[in-house]
Amino acid sequence: MAAEVRPRLTVLSGPSGVGKSTVVAHMRKVHPEVWLSVSATTRKPRPGERHGVHYFFVNDDEFDKLIANGELLEWAEFAGNRYGTPRGAVLERLDNGEPVLLEIDLQGARLVRESMPEAQLVFLAPPSWDELVRRLTGRGTESPEVIQRRLESAKVELAAESEFDTTLVNTSVEDVARELLALMEVV
Ligand SMILES: Nc1nc2c(ncn2[C@@H]2O[C@H](COP(=O)(O)OP(=O)(O)O)[C@@H](O)[C@H]2O)c(=O)[nH]1
Ligand SMILES: Nc1ncnc2c1ncn2[C@@H]1O[C@H](COP(=O)(O)OP(=O)(O)O)[C@@H](O)[C@H]1O
């Protein structure tokens, strides 16, 4: 039997408001050594978000330069803003044999699947549509227009679940964080 190929790059995707950031934050509280790529974005910071921690917040010109210089592993436009994964830090860690986690949207997940077929794609699903709406609205960080836009994207993302290797339903943050760590072979 062929030796098992251990996926070292894990991509976590799922609709806005499903709880990706919450799960990742919990996971890193339990296992601070797990490295999460910090994306660049043209979105404005939410209260409490810090440059270099949650995102590298850049303007349109700076984002254009990142693309032109080939510094992004993938990038996509989501609900009116651009988001991209800095290539260097990800490749450096993979070269060192360290597990790497990307929290990116569906378009980004598809691009990673093309360029790095060994990556494992994990879809985070809500327990129900109503619960997704409740979480996105309850977070209180977006205007009604932006919430509407994100719910439109959510419909598209939910329809693509079968493209992923694994689905985790976010009922319990602790359970999902544990399952994700197991998939990443951290525990
Ligand atoms: N393709 C891609 N998507 C990203 C990247 N960083 C974040 N995203 C995705 O962009 C979407 C919007 O992110 P954000 O504005 O932080 O909203 P939130 O997911 O609702 O908290 C989410 O689906 C993120 O997973 C990236 O580097 N590349
Ligand atoms: N398992 C869960 N049960 C209940 N609420 C949750 C759960 N996971 C996340 N939430 C809440 O849902 C909202 C959206 O979560 P967030 O992590 O910001 O989502 P995402 O990063 O996917 O956009 C937040 O208010 C968060 O506290």
Side-chain angles (χ1 to χ4, degrees), residues 9-29 36-58 62-63 66-67 71-90 100-116 119 121-143 145-158 160-161 163-164 168-180:
L9 177 63
T10 303
V11 173
L12 181 68
S13 290
S16 185
V18 72
K20 299 179 298 297
S21 310
T22 306
V23 165
V24 168
H26 182 77
M27 196 181 82
R28 297 190 75 216
K29 209 167 94 189
L36 172 76
S37 164
V38 179
S39 298
T41 184
T42 57
R43 168 166 81 60
K44 298 280 168 286
R46 295 176 186 144
E49 283 186 333
R50 287 194 288 137
H51 184 80
V53 177
H54 299 91
Y55 281 107
F56 295 106
F57 295 99
V58 299
E62 289 165 330
F63 202 95
L66 290 174
I67 298 172
E71 289 182 53
L72 300 179
L73 187 66
E74 60 73 37
W75 70 272
E77 185 161 341
F78 180 90
N81 296 297
R82 290 187 291 171
Y83 300 81
T85 305
R87 183 192 298 275
V90 167
V100 165
L101 180 63
L102 306 183
E103 193 228 286
I104 60 178
D105 86 322
L106 171 65
Q107 307 163 78
R110 284 174 173 157
L111 291 170
V112 170
R113 165 133 288 165
E114 271 172 35
S115 61
M116 303 172 96
L121 269 49
V122 180
F123 188 78
L124 192 62
S128 67
W129 175 259
D130 288 351
E131 176 61 16
L132 179 67
V133 176
R134 251 192 306 278
R135 286 184 192 173
L136 190 54
T137 313
R139 188 169 69 188
T141 50
E142 273 86 21
S143 65
E145 293 74 27
V146 172
I147 289 176
Q148 208 45 49
R149 211 163 165 181
R150 282 165 181 253
L151 287 174
E152 288 306 316
S153 299
K155 285 184 195 150
V156 176
E157 305 220 7
L158 288 170
E161 183 196 323
E163 293 177 36
F164 287 73
L168 302 176
V169 179
N170 183 16
T171 305
S172 148
V173 172
E174 291 76 14
D175 288 352
V176 173
R178 206 176 305 117
E179 287 160 356
L180 190 56

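Note that ligands are numbered from 1 as they come in the structure, with each ligand's atoms numbered from 1 the same way. Here the structure is a predicted model, which means the values were calculated and not measured. Side-chain atoms are counted along with the backbone in the values below, which use heavy atoms only and exclude waters and symmetry mates.
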**Q** Near ligand 1, which residues have a heavy atom under 4.0 Å away from one of its atoms?
**A** S16, G17, K20, S39, R43, R46, Y55, E74, A76, F78, Y83, G84, T85, E103, I104, D105, G108, R139, R150
**Q** By ring-ring contact (aromatic ring centres under 6.0 Å, His included), which residues pair with Y55, not counting sequence neighbours?
**A** F57, Y83
**Q** Atom OG of S16 and atom CG of L151: how far apart are they, to the nearest 0.5 Å?
**A** 8.0 Å
**Q** If I compare all heavy atoms of P126 with all of V18, which pair ends up nearest, and what's the gap?
**A** N-CG2, 3.4 Å
**Q** With a 4.0 angstrom cut-off on heavy atoms, strictly below it, pick out the residues next to ligand 2 and order them by chain and number.
**A** P15, S16, G17, V18, G19, K20, S21, T22, R135, R139, N170, T171, V173
**Q** Going by an N to O cut-off under 4.0 Å, is there a salt bridge joining E152 and R149?
**A** no
**Q** Keeping the roles fixed (side chain from K20, backbone from L124), state whether a donor-acceptor pair exists under 3.5 Å.
**A** no
**Q** For the residue pair E179 and L168, what are the closest heavy atoms and their distance?
**A** OE1-CD2, 3.4 Å
**Q** Which salt bridge (charged side-chain N to carboxylate O under 4.0 Å, His left out) pairs, counting each pair once, include a residue from residues 73-82, with sequence neighbours left out?
**A** D60-R82, D64-R82
**Q** Pair L102, S37 - check side-chain contact (heavy atoms from CB on, under 4.5 Å), show working.
**A** CA-CA 6 Å; L102 306 183; S37 164; 3.4 Å; yes
**Q** Hey, is E131 close enough to R135 for a salt bridge, meaning N to O under 4.0 Å?
**A** yes
